[in-house]
Student: 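Sharing a structure, written as structure tokens. Questions coming.
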Amino acid sequence: MSQIDASKHNSDQLYKIRHSAEHVLTHAMTRLYGPDKFFMAMGPATDDGYYFDFETLNDFKISEEDFPKIEAEMAKIIKENLPILRQEISQDEAKKLFKDNPYKMEWLNSIADKGEIISIYKTGQDFTDLCAGPHVEKTSEIKAFKLLSIAGAYWHGDEKNKMLTRIYGTAFESQESLNKYLEMLEEAQKRDHRKLGKELGLFTFSELIGSGLPLYTPKGASIRLAVNNYVESVQIKQGYTQVWTPQIAKAKLFQISGHYDKYKDSMFRVVSNFSDEEFFLKPMNCPQHTQIYAAAPHSYRDLPLRYADFAMLYRDEKPGELNGLARVRAFSQDDCHIFCTEDQVDQEIDVALKMTKEIMDTFGLKYKYRLSTRDPQHPEKYLGDPATWDRVEKWAVDIMKRNKIEYFDGPGEAAFYAPKMDLIATDALGREWQLSTVQIDFVMPERFGLEYTAADGTKKRPIMIHRAIIGSPERFMMIMLEHFAGAFPLWLSPVGAKIIPITDTQHDYANKILTKLKEQGIRAELDDRSEKMQAKIRDAQMEKIPYMLIIGGREVESNSVSVRQRDGQDLGALPFDEFLAKVKDQINTKSLNLIK
RNA sequence: GCCCGGAUAGCUCAGUUGGUAGAGCAUCCCCUUGGUAAGGGGAAGGUCAUGAAUUCGAAUUUCAUUCCGGGCUCCA
């Protein structure tokens, strides 16, 4: 067990380079445009680089077309090898220096009585900014940098504030590292699920249906189904049972759960023609599951009860937040709520963590955990008794330790009713995604007055464990699409094998093996178009179909198939039965690899 | 929701300084029967996102709307 840092382990030097590069950017802009064109607001180093926020004045505008000019000026400053000097100054001096800049003044005023040390950084003779650092000593230590994009951003991230302009850039300790990073960005763009989803024909959107409401084609739906069936097959072995609940529920349900107060504005309202009752499309399954539990009296002997639900959920996200399959208004979750006694919590969570490990391994995803706890600054955001929260948060730490799980702290990341143990997976490009979550919840059972009869005959409150493994099958499909770059392992591939006869004289044999493959549950297709074999191979290749089965006179003769893998490898002729046995084995073991 | 950018054939894109549009691929038809990434020919396909305004005339200018993208905020 070790606690790891939430940041991406940027070396101190890299952090200094990026922080300094941000000042060089600001410096270059000051030189190029002068003080009457913009107010510098602020700009930190980030995990991937840095950004700089500023307010443009007097109709001054900046666009990505200006980047080469700014970059050239930055290069000049770096070449001038200016010293970056730190100097501590008094509040009064600082106010004098930045009296014209409302953003700097606001910051200075906000720390006025906190006794903080105010420091400025001077780059050369003509640039000064307020900053605590740290920085490199000379601008020449910034070996490689690039401006990446431009966007709007609210001052202090608050939508009530003014919208500033933000320039994103990055910097590295060598040109080589920068190139590698840029290649990664390019690769990520090539793998973009919106692009691949269209090319591979997996999902689509319709203006008639609405934004954030994806439609899955037969191919896309088959992937979704394969993932869900897999998760279900793992859960069912652990005694999970599926339930099914309606898509809408009365407002009262969400008022009791607390979701109404917190999320009313992002729930879809549903209107009945026959009553004034307010209904909502369900944005989550938890409150519904409490009502299945509450429908009958329970003995401690019944527990734990594990209700799994793959139902569609609807959330009325702000339009600007929608993004491909990453953020949608209609999605499902591989959701489960476990009602159990306090004594059973540890075992249930251990099992859930074990299942999670099994499933992540199947997809070849590396991961770590985040322990999401309350925001100490805002205790009012959480329902329930603080003492119970303290206990449960500590309990979660013990669970992580007992399971020897690597984790980092996520203060302020808890749900309003419970702390969360969130799994953060890393994909093939090193990007991180939150997938699984496990939550120990005392609040919902309390609010819904759930009970069971204990061995001593007294009424007790069950605990509700919320748990999802892949999170949302739709979002997971996006992550898999990018993780595998569209080349899904055989068991997930919408088409596992494409049969390619060389001439139409082989169609009888081709149909025969097509039937056999389908009988064995392998999603196979026959390309019987009047096209050249090469053209058929090209098309199958573009669809990223794992196996192309070339059928000519020789294969018909010997009851075999010539196998070409999508990686270009020609396996030569294999007896058909041997091929069949191999792919069946691959599917059963959910292999991530091809035959060879 | 907010700032910025965008929308031309099913897809990827070209074009029009205001005179109503073009390619490649895909589709359909014909020819071609070919051993590991595109055989040839032809046809069809567009109210240039939608609705207004300006204009003799708008796909092109202006405004609004819808949708998409880059961010901000949010994410039960």
Student: With RNA chain B as reference, determine whether A:Pro283 or A:Gly152 sits nearer its 5' end, using the nearest nucleotide of each.
Tutor: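 On the 5' side of the pair lies A:Gly152.
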Student: Could you give the CZ-to-P distance, from A:Arg315 to B:G1, as a whole number of Å?
Tutor: 19 Å
Student: Considering every strand and a 4.0 Å limit on heavy-atom distances, what is the contact class for A:Gly201: base, sugar-phosphate, or nothing?
Tutor: nothing
Student: Starting from the 5' end of RNA chain B, give me the residue, A:Tyr417 or A:Thr503, whose nearest nucleotide shows up first.
Tutor: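 Going by which nucleotide is closer to the 5' end, it is A:Thr503.
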Student: Charged N to carboxylate O under 4.0 angstrom, A:Arg370 versus A:Asp422?
Tutor: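 Salt bridge between A:Arg370 and A:Asp422, a charged N being under 4.0 Å from a carboxylate O: yes.
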Student: Scan A:Thr165 against the nucleic acid and name what it touches under 4.0 Å (heavy atoms): base, sugar-phosphate only, or nothing.
Tutor: nothing
Student: Any idea which of B:C72, B:C68, B:G35 is nearest the A:Ile502 side chain?
Tutor: B:G35
Student: How long is the line joining CD of A:Gln288 and P of B:A76, in whole Å?
Tutor: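 In whole Å, B:A76 P and A:Gln288 CD are 17 Å from each other.
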Student: For the pair A:Gln288 and A:Thr290, evaluate side-chain hydrogen bond (donor to acceptor under 3.5 Å, both in side chains) and give the outcome as yes or no after the intermediate values.
Tutor: CA-CA 5 Å; A:Gln288 286 82 348; A:Thr290 66; over 6 Å; no
Student: Applying the Watson-Crick and G-U wobble criteria at under 3.5 Å, what pairs with B:C2? Answer none if nothing qualifies.
Tutor: B:G71
Student: Is there ring stacking between A:Tyr263 and B:A76, where the centres must be under 5.5 angstrom apart and the planes under 30 degrees?
Tutor: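 Base of B:A76: stacked against A:Tyr263.
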Student: Let me know the distance between CZ of A:Phe416 and P of B:C74, rounded to the nearest Å.
Tutor: 17 Å
Student: How close or far is atom P of B:C3 from atom CG of A:Leu164, stated in whole angstroms?
Tutor: 13 Å
Student: Classify the side chain of A:Glu321 versus the base of B:G71 as yes if they form a donor-acceptor pair under 3.5 Å and no if they do not.
Tutor: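 For A:Glu321, whose side chain was compared with the base of B:G71, there is no donor-acceptor pair (under 3.5 Å).
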Student: Would you say the side chain of A:Arg566 and the base of B:A37 hold a donor-acceptor pair, judged only by whether the two atoms sit under 3.5 Å apart?
Tutor: no
Student: Does B:C13 have a Watson-Crick or wobble partner in any strand here, with both distances under 3.5 angstrom, and which is it?
Tutor: B:G22
Student: Pairing check on B:C63: which nucleotide meets the Watson-Crick or G-U wobble criteria with it, both distances under 3.5 Å?
Tutor: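 The base-pairing partner of B:C63, which may sit in any strand shown, is B:G51.
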Student: Does a distance-only test, which skips hydrogens and angles, find a donor-acceptor pair under 3.5 Å between the side chain of A:Tyr154 and the base of B:G1?
Tutor: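 Checked by distance alone, the answer is yes.
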Student: Grab the CZ-P distance between A:Arg529 and B:G34 for me, whole Å please.
Tutor: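 From A:Arg529 CZ to B:G34 P: 18 Å.
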Student: Go through the structure and list residues passing salt bridge (charged side-chain N to carboxylate O under 4.0 Å, His left out) with A:Arg166, not counting sequence neighbours.
Tutor: A:Asp53
Student: Between B:G39 atom C1' and A:Asp539 atom CG, what is the distance in whole Å?
Tutor: 14 Å
Student: When all nucleic acid strands are considered with a 4.0 Å heavy-atom cut-off, which category describes A:Gln534: base, sugar-phosphate, or nothing?
Tutor: sugar-phosphate
Student: Who does B:A38 pair with, Watson-Crick or G-U, both distances under 3.5 Å?
Tutor: none
Student: Using atom types as modelled and distance alone, determine if a side-chain donor or acceptor of A:Glu555 lies under 3.5 Å from a backbone N or O of A:Gly552.
Tutor: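 Yes; at least one donor-acceptor contact below 3.5 Å.
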Student: So A:Lys198, base contact, sugar-phosphate only, or nothing? Heavy-atom distance under 4.0 Å.
Tutor: sugar-phosphate
Student: B:C75 phosphate, OP1 or OP2: any side-chain N/O from A:Arg327 under 4.0 angstrom?
Tutor: no
Student: Within the 4.0 Å heavy-atom criterion, would you say A:Gln434 contacts the bases, only the backbone, or no part of the nucleic acid?
Tutor: nothing
Student: For the side chain of A:Tyr168, starting at C-beta, report the closest nucleotide among B:G70, B:C72, B:G34.
Tutor: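 My answer, after comparing the listed nucleotides, is B:C72.
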Student: Using Watson-Crick or G-U wobble geometry with both distances below 3.5 Å, tell me the partner of B:A58, or none.
Tutor: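 Looking at the geometry, B:A58 pairs with no nucleotide.
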Student: Do A:Glu55 and A:Trp155 pair up side chain to side chain, a donor and an acceptor below 3.5 Å, judged on atom types alone?
Tutor: no
